[in-house]
Structures are given as C-alpha cells and as structure tokens.
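Convention: sequence-line order gives letters A, B, ...; per-chain numbering from 1.
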2 protein chains.
Amino acid sequence: MPNNKNIPTDGQKLNINLRVIQSKNPAFHVGSHVVSRCGWRTHAVSDGKDLTPIMSDWAPDVSLSLALGTIGMPGLTALYGIEEVLGLQKNETLLVNTAAGAVGTVVGQIAKIKGCKVVGSAGSDAKVAYLKELGFDEAFNYKTVPSLEEALKKAAPEGYDCFFENVSEACTVLRMEGFMVNRWEHKHPESLKRLMAWLKEDVSSNCGIKCMPTFHFYKNGKMVFEFSGANLETLENKLKELR
Amino acid sequence: MPNNKNIPTDGQKLNINLRVIQSKNPAFHVGSHVVSRCGWRTHAVSDGKDLTPIMSDWAPDVSLSLALGTIGMPGLTALYGIEEVLGLQKNETLLVNTAAGAVGTVVGQIAKIKGCKVVGSAGSDAKVAYLKELGFDEAFNYKTVPSLEEALKKAAPEGYDCFFENVSEACTVLRMEGFMVNRWEHKHPESLKRLMAWLKEDVSSNCGIKCMPTFHFYKNGKMVFEFSGANLETLENKLKELR
C-alpha cells in the first residue's frame, strides 16, 4: 500500500506493530499482530519475509506496543547481552550507558533481578530520576558531572565487573577480570615448559619469545640483586637504595 | 641466615633465585636451584614451604635468571591472562599497558605467536623502541602523545578486542564484545516468554520489569508513530519531522 504522504519515509528501518487486515499467507491470520521493519506507515503489503508474528500467548492485559520495546528487540538485546555475552553473576557491578533508552532500562532491571548492583549513565536529570525510579542503584548525568572518573568512582568505589553500551540493536559489552597467577598453580609445570619451548624457538628461528635484558648487580663481591626489564627509573631507584 | 647489612630488607616479597648449598629436605638436593620470596639476600634458611624448585629439565644454555622472568611468575602471568582469562583468538587486536615490563613484554610476544595484532603503551621513547624490537605492531609513549584517544585510534583504527593491564602479579584484563540481537534468533520465542513473565511479576509484586512509558502519536485521526523511552530530544526531533 502507498505511504500516507504525511508520514516521513526515512524511518524505513524502524520496527512498527501492524494488525493483519487481509492475508493470503496461512502463517499470518487476519486479526493477528506482527512486527515489521517497513517503517512508519498506515498500511503495508508484505510477502511475510520481513514480518515477525507477535507471540501467540500474549497476555491480554499487556499493551501490544511493548512488542516494540521490553518484549521485543530492545528487551531481547538486553537479555542476550547480559546472559549470553557477559554471563553476569549475582553481586557483580554493572555500568550501563545510554541507560534511559529502550535497551538500557531493561538491561538495568534484568541485572537487578539477577541480584547485581547497577549504575546508569544518562544525559539529563529527568533521565537520572527515571533510572532511580526503575531501581538503578546509582545514576548520574554524564553531561553535568564535574569529572566522569570521579562520578564512576563515587557510584561504585568497589569497581565495575561489566559494562553495557548500547546503540540501537548493536551493542558492545565489556567484562573486566582481575586475576592472580596462582589461580592456575596446578598448571605451572606444564606452562613453564611451554614458555621454555617458545624461548628456545626464538633462539633458533627468530620467532617465539625474546628475553628481557637481565642485569646482575654485585656489591662487595656478592650479587645483591638482578634487574630484568626496561623501566630504567625503577632501576635507578633500586641503585639509590643500595648506596 | 642473617641478612647482609648492605642489602635492603624492604624487598622481602621479591622473588630471588637461590642455589641449595645445604639440605635436610629430600625435595631440594644440594646444587639445585629454587625460587624464593625471601627478598634480596646472600643466604636464607627455609623449611621448603616458600621455595619453588626450578624445572628439572631446564635447558643448560638458558640463563637461570629467566626463572624470575619469562620462564617464571611474569611469564606465567602473561600466559594465563591470554589463554585462561581472555581466550585470545587469532587476528584479534590486543592493547597492553605497562607493555615494557616483565609481564607486558611476554604478553605481547605470546599474542604475536598466536597471530594477533599487538599495541603497546609505555612511558618512554626508549621503551617504545624496545617494544617494536620485540615485534609489537604498534607502540606509543603515553606520556608524550597529544591525545591518548587519538593515539589508540591511530594504532588500531579497527578497534580493540582485548586489553591487558598488569601491575606485578595482579592483572586486570578486559574483553570487549559487540553483538547483534539476531545471533540468538533461535532463542527468541523462549526469551520473549521470559521477558513477559518478568513484566507480569512487576505488575503483581513490584519486582521484575517496569515498562518504558509509551506514547502514541496521531495525525488526521491515524497513529503516525509511537514513542517509548525517556530521550525527549529524539521525541522532539520526530515531532519536527512530522510538522
């Protein structure tokens, strides 16, 4: 069907919610609702390829408009980012930016359901107030905080485990992980052999690992310390200590 | 054995490499080498608990001092960070800071062995030159670049997959992941049901998911678009378009 002239056509990639009024495709019966990427328009003709039927057991007391939001692509994006990519765990701290958007609001709320601490960043005081209403533990206006670094520290002095950045349906997530080498102590012997093998490869073939230059320091005929690395300031300080 | 008075004792947590000159412990035979955290000293007495024997098949042409570096804790830290935590894959781009240190140099070289692009950040031009010698694809002096953001972009316009930050044996690594919601299209029906269930929970118990406020806009008696979210600027722009 032609577009209504009053409706802009530059929104063709936007999802809209349509009711089927005529159908030759048994997958879409008249009266059912579908989500389409046809853009803003009053009527559309489709062969069914770009249509997603709305779940058949949609709760009658829930607005169908949510098929474009919380129970649609934005909600799914939030859910998959948290569960499939980040693997967010209870008690972790999550930072969400664009937090007051269609994805961000659901990200924060799912994270709360999972027992996490959620910090939201948004671009106005009204959005910040809205995030707190939704249950975000902390929220700040990134446009007005004197220092972003300080705002992040104040909101979560314990630090962040994960970061969720969303721009429409393409998202970037970040997981930070700290570790101590002895977590894999049982693997040390095997790992040292692998490092040694890489080192030997370099000696013979110039690929593999080159060694740090190592210096030995002697005083009164005895080695007092050895230095391996390129940080000459550290070396200088050690030498001062030994004077 | 008492410390040599000439040797600072504030280095007690530093690893040193010792030769066993007397032993009542069958695990450590006279003449073998061990790594100890006893600090800088000429002699030490130990019950064996804080000693790590150097691997028995240590290559005779490799300096034993490397047991404190590449084939010791720093090397293991680099290896585990890359393999166990980051799961670094071929063709990924890795950013390493403190790149010219004992851990960073090995991180960069293992990443090169794995077929990755490696960018190193260090605090002097001498260190930057050293990193290039070791095979880092790009390196910059974070103290002198006019803009850190620009330096990062210039070194890897394609963006970064992973970040390795190391301070002695405690490291922080970061993995960035971008995703599109349709990666899990096969899960959509089940996921939408879960979102709906959370939504219904909130209606009845005030936990779960609250919905975004949704507005419907009509023109000439027909709905022209609906808006869900808190970004009033976006809304304003849409309204201007419709005028």
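Take B/Leu51 and apply the side-chain contact (heavy atoms from CB on, under 4.5 Å) test, not counting sequence neighbours, and it matches B/Phe28, B/Val34, B/Ser36, B/Ser46. A search for side-chain contact (heavy atoms from CB on, under 4.5 Å) contacts involving B/Tyr160 returns B/Thr93, B/Leu95, B/Val119, B/Leu152, B/Ala155, B/Ala156, B/Met176, not counting sequence neighbours.
For B/Leu79, the part lying near chain A is the side chain, with the backbone staying farther off; criterion is any non-hydrogen pair under 4.5 Å. Looking at B/Lys112, neither its backbone nor its side chain comes within 4.5 Å of chain A, counting heavy atoms on both sides.
Using a 30° and 60° split on the angle between ring planes, A/Tyr80 and B/Trp184 fall in the tilted class, from 30° to 60°.
A/Leu66 has its side chain out of reach of B/Met196: every pair of non-hydrogen atoms, C-beta onward, lies at least 4.5 Å apart. At a threshold of 4.5 Å between non-hydrogen side-chain atoms, the residues B/Lys187 and A/Glu84 count as touching. The shortest distance between side-chain heavy atoms of A/Met73 and B/His188 falls below 4.5 Å. Inter-residue side-chain proximity for A/Leu195 and B/Ile110 is flagged as met; some heavy-atom pair is nearer than 4.5 Å.
Distance check, rounded to the nearest 0.5 Å: CD of A/Gln109 to CG of B/Leu199 gives 9.5 Å. For the atom pair A/Leu76 CG and B/Arg183 CZ, the distance stands at 14.0 Å (nearest 0.5 Å). Atom CD in B/Glu83 sits 4.0 Å away from atom CZ in A/Arg194 (nearest 0.5 Å). B/Thr70 OG1 to A/Leu192 CG: the interatomic distance, rounded to the nearest 0.5 Å, is 11.0 Å. Between the CD1 atom of A/Ile71 and the NZ atom of B/Lys200 there is a distance of 9.0 Å, given to the nearest 0.5 Å.
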